[in-house]
Amino acid sequence: MAEYDYDLFTIGAGSGGVRASRVSAAMGARVAIAEEYRVGGTCVIRGCVPKKMLIYGAHFAEDLEDCANFGWHIEGKRFDWKVLRDNVLKDVDRLEGAYTDTLENNGCTILHERAELVGPHEIRLASGTTVTAKHILIATGARPHVPGCEGHELGITSNEAFHLDAIPERILIAGGGYIANEFAGIFNEFGSKVTIMTRSDQLLRSYDEGLRERLLHISMLKGIDFRFHAEFEAIEKKGRSLKVSMANHEPIEVDCVMFATGRVPNTEGLGLDQAGVELGENGAIKVDRFSRTNIDHIYAVGDVTDRVQLTPVAIREGQAFAETVFGGKPHAVDHSCIPSAVFSHPPLCGVGLTEKQARQKLGPVKVYQSDFRPMKNVLAGREERALYKMICDEADKIVGIHMIGPDAPEIMQAAAVAVKAGLHKADFDATCAVHPTMAEELVLLR
Ligand code: NDP
């Protein structure tokens with residue numbers, strides 16, 4: 001008889017949990033994975049994937065405007081939100097099925113219920129059963145943070161945005177980060193009057209200043225309003241509208257308020273205290289380089305650890321966990337030089353140090369940049385300029401690349417390889433351009 005019911009019990013079937021579980025099972029571990037909501041987690045069910053589909057849907061609005069100068073005249077064009085929404089939700093169902101199949105094909109037992117720790121090796125399921133596991137992996141992700149102002153329950157978060165009955169005519173988005181800027185672009189393209197409110201005067205704090213300024217400028221050109229240094233006082237219902245009072249600004253009436261004010265780790269009510277697992281100040285699980293908690297056989301990966309809240313990072317952490325614990329190849333994820341993108345309109349992205357970070361860390365640095373109007377925008381009559389920046393140390397080693405412009409994240413994936421590999425500006429100069437592209441600007445930077 002085995003000492004434990006399972007070799008691994010994973011709580012949370014999101015990006016990190018699914019990868020860790022299926023790879024561990026493929027290596028011969030007896031694995032169970034519990035999920036109280038839907039298999040796939042935030043990224044697949046109500047995050048990156050459906051959001052990107054909405055971004056594609058929104059982009060048609062600009063393409064349909066721009067196409068006139070390319071000779072296309074389309075009469076009677078109209079947008080039907082419910083068609084897009086339902087097609088996106090259908091694809092999410094398909095992906096959930098694919099994730100479920102992957103787990104089952106690798107022999108994982110999926111338990112569609114909440115699980116909580118009741119001891120170091122004991123897990124109680126919502127149905128009342130208690131099971132035991134040699135190793136436990138917490139991969140419960142994070143949830144939207146909602147500020148505790150009066151009337152906050154009248155607002156929505158990105159979770160609900162995918163299920164709206166109609167596109168709001170006027171929407172107030174709180175926050176100036178990834179989700180706020182991405183959804184501001186989506187709603188604006190679908191015709192909403194969008195206002196973003198932030199507590200500071202900064203958008204997307206972790207990105208290069210030049211890009212952030214460019215996004216703000218273009219967003220304002222597109223008609224998005226910004227209210228900086230604004231903090232909620234109250235939200236109240238006024239007929240079918242919502243009246244929002246805030247510090248430092250006049251009240252505003254809108255049809256929808258959306259909170260995009262960060263995400264908090266899902267650690268409450270998991271019984272972590274019963275197992276003696278230590279948490280950090282913000283409720284995130286504290287882990288070492290190998291994603292191990294202070295309890296030897298309990299690990300945590302992904303957003304619940306609040307290291308880097310990005311899907312590809314959670315996946316890597318899940319993979320490294322499986323290889324370390326069940327594959328006999330211990331290794332830690334390298335969290336340096338992670339490329340990332342914001343799918344705003346236009347999108348922006350970066351890898352490595354921003355100009356400001358590089359100056360603070362390295363002192364003198366060299367900045368090469370290209371500020372250009374993409375060919376397609378020129379013909380379309382669209383006054384939007386792209387900006388590419390390469391930051392190098394004094395020896396011309398590249399320490400960061402930052403881009404805003406059409407398809408910038410697609411270009412970034414390849415550029416990030418070069419930065420991660422420690423290439424120099426001269427390596428880019430030595431590479432022949434692919435002409436005519438926007439990406440060629442990277443090898444023509446001055
Ligand atoms: P972000 O951390 O990107 O931005 C949070 C925003 O909310 C900031 O403007 C912040 O202001 C503000 N804020 C934080 N706390 C409060 C508060 N108590 N009251 C008022 N404002 C507040 O979070 P998001 O919610 O946009 O996204 C969560 C995470 O999900 C991201 O950090 C990212 O890691 C991930 N994500 C990644 C995406 C991608 O890869 N494309 C897309 C969407 C999400 P301040 O700057 O002043 O702190």
*asked:* So that I can tick it off, tell me whether Asp288 and Arg292 are bridged by a salt bridge, with the cut-off set at under 4.0 angstrom between side-chain N and carboxylate O.
replied: yes
_Please determine whether a side-chain nitrogen of the Lys or Arg among Asp91 and Arg94 lies less than 4.0 Å from a carboxylate oxygen of the Asp or Glu._
yes
*Return yes if a side-chain donor-acceptor contact under 3.5 Å exists between Arg307 and Ser291, otherwise no.*
yes
_What's the separation between atom CG in Asp427 and atom NZ in Lys397, rounded to the nearest 0.5 Å?_
11.5 Å
_Distance, nearest 0.5 Å, that separates CE of Met258 from OG of Ser158_ = 5.0 Å
*Give me the ring orientation class for Phe228 and Phe226: parallel if the planes are under 30° apart, tilted from 30 to 60°, perpendicular past 60°.*
parallel
*Passes salt bridge (Lys or Arg N to Asp or Glu O under 4.0 Å), Lys376 versus Asp63? Steps please.*
CA-CA 10 Å; Lys376 190 171 166 220; Asp63 289 341; 3.5 Å; yes
_Any side-chain to backbone donor/acceptor pair from Ser370 onto Tyr388? Under 3.5 Å, distance only._
no
*Would Arg170 and Ser241 count as having a side-chain donor-acceptor pair, cut-off 3.5 Å?*
yes
*Taking Arg227 for its side chain and Thr195 for its backbone only, find out whether a donor-acceptor pair lies under 3.5 Å.*
no
_Any side-chain to backbone donor/acceptor pair from Ser15 onto Ile315? Under 3.5 Å, distance only._
no
*With a distance cut-off below 6.0 Å to the six-membered ring centre and an angular limit of 45° from the axis, does Lys51 pair with Phe343 as a cation-pi contact?*
no
*Got a donor-acceptor contact below 3.5 angstrom from the Asn181 side chain to the Gly176 backbone?*
yes
